[in-house]
Novice: 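Can you read through this structure? Questions will come right after.
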Amino acid sequence: MFIDSDKFHEECGVVAIYAHPEASKLAYLGLHALQHRGQESAGIASSDGNTVFVHKAMGLVMDIFSNEEVLRKLPGSLAIGHNRYSTTGDSALLNAQPIRVDCNKGMIALAHNGNLVNALDIRTRLEKAGSIFQTTSDTEVIVHLIAQSREQTLPDAIADSLRRIEGAFSLVIMTRDRVFAARDPRGFRPLSLGKIPANDVNRTDTYVFASESCAFDLIGAEFVRDVKPGELVVVGPEGMHSRFYAETRKQSSCIFEHVYFSRPDSKIFGQSVQVSREALGRQLAREAPVDADIVVPVPDSGVTAALGYAAESGLDFRFGLIRNHYVGRTFIEPEQRVRDFGVKLKLNPVRSLLEGKRVVLIDDSIVRGTTSKKIVRMVRDAGAKEVHLRISCPPTISPCFYGVDTPEKSQLIGANMTVEQIRDWIDADSLSYLSLEGMKRACNEGEKTTYCVACYTGIYPTEFVDIKDVKPAPAIVRG
Ligand code: SF4
């Protein structure tokens, strides 16, 4: 996907390190590998066994933590970190994570990826009972629930709190001497467990948790397994323990992680993203072939699906659009307005490749349609004879309430126009989306993994949401 205001935004990334002499440095490197999941703010909390330290700021991980002085103020062998793109609450520093509190259960720091769908309901009840909230983020309700739990031990209080929240959450929690990691019972968001074996510097095994396994590679950790839906893992002085804190629900892992969010070098929900994303492109080529000369991806996220499309169709794969990676949020536009300035800042066509060609353009989604329209125009203006747009998932017809920042239904072109009307509006020679069944097959849906596809169907897997006008799934499977 081409990152633009017209498109979806990433959600968040979390990382946790247990038992390493440079825990905050590893957390920083892990967050750097997860930067694609959120670019508005980042934070790290560390523990030296006595106190929990925290530093968070607006901006990119590298800008916040590349200063050694900042990391020196985060001592200890335990750390958790968080990258944020705001999906609830506003984007102020106030809502940056990890959230740290000192409550009746001790010092706790918490970082959350996902979105709760009953946070407003819980917050209203807690506020009526006298709780005072300091942020506008949904994550803070978890902290309040832990503090108010009648359970005697912290693991029990966390489990009790997790049973009360509904929606998407992959969480890492740190106390003075323990790290907890948990996923919601439907497993919406990924969370992996890794290990750095003991060596000269580090006398015991280091345990690592991260939203995506690509974070392990940079810090020399090996992938162990996914944290399972409904699982609460704790690592502490007594070793690692795991328990299932809730009834099993039908797994609803976010299929859009495979389509767009996660990095191709990650393994999520038991499957390599590279493999599934290429399979999406292959399936698209089988379902929507076209007589053309070259396959061109919309960089960067269209690249892997385009490789699959080209391999399956036998057409040449060409980088006909070049992305400028060094684009900040604000740019001064020339006074004499340049048409499609925002898109041109980020993408430029390679005329020598496109001129006179029949082009299959591959992208991962169309949200409002305005960016796709500009890209099609850009490819035509560069001399392409025909532009055939292929999308590696079905039309997005409904918003996400589980951590992906989607515009409301009225803004989603797929919810308001037929495929032919969209084709006509964006002025492509042809337009095809991947089928729902084709997408699930490419992502290996089966006995081991089942997916949430609510933004393509409008049928939501949770029983209750704060938001009106959405249909829950007719049947919830309990194990
Ligand atoms: S609604 Fe779409 S984006 Fe949201 S969790 Fe489900 S599949 Fe993922």
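Start at 1 and go down the list; that is how both ligands and their atoms are numbered.
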Novice: Please check if the side chain of His82 supplies one atom and the backbone of His112 the other of a donor-acceptor pair under 3.5 Å.
Specialist: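 Checking the backbone N and O of His112 against the side chain of His82, a donor-acceptor pair under 3.5 Å is found.
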
Novice: Could you tell me if His144 and Glu140 have a donor-acceptor pair between their side chains, going purely by distance under 3.5 Å?
Specialist: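 Present: a donor and an acceptor within the cut-off.
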
Novice: Under 6.0 Å from the six-membered ring centre of Tyr309 and within 45° of its axis: does the NZ or CZ of Arg390 meet both?
Specialist: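 Negative - Arg390 is either too far from the ring of Tyr309 or too far off its axis.
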
Novice: Is it the case that the side chains of Gln251 and Ser253 hold a donor-acceptor pair, with the cut-off being a distance below 3.5 Å and no angle test?
Specialist: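 Yes, a side-chain donor-acceptor pair sits under 3.5 Å.
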
Novice: Between Tyr28 and Phe65, what is the ring plane arrangement, given parallel below 30°, perpendicular above 60°, and tilted in between?
Specialist: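 Tilted.
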
Novice: Using a strict 4.0 Å cut-off to heavy atoms of Arg189, name the atoms of ligand 1 that fall inside it.
Specialist: 5 (S)

Novice: Anything under 30° is parallel, anything over 60° is perpendicular, the rest tilted; go ahead and classify His258 against Phe269.
Specialist: perpendicular

Novice: Could you please give the number of protein N/O/S atoms within less than 2.8 Å of atom 4 (Fe) of ligand 1?
Specialist: 1

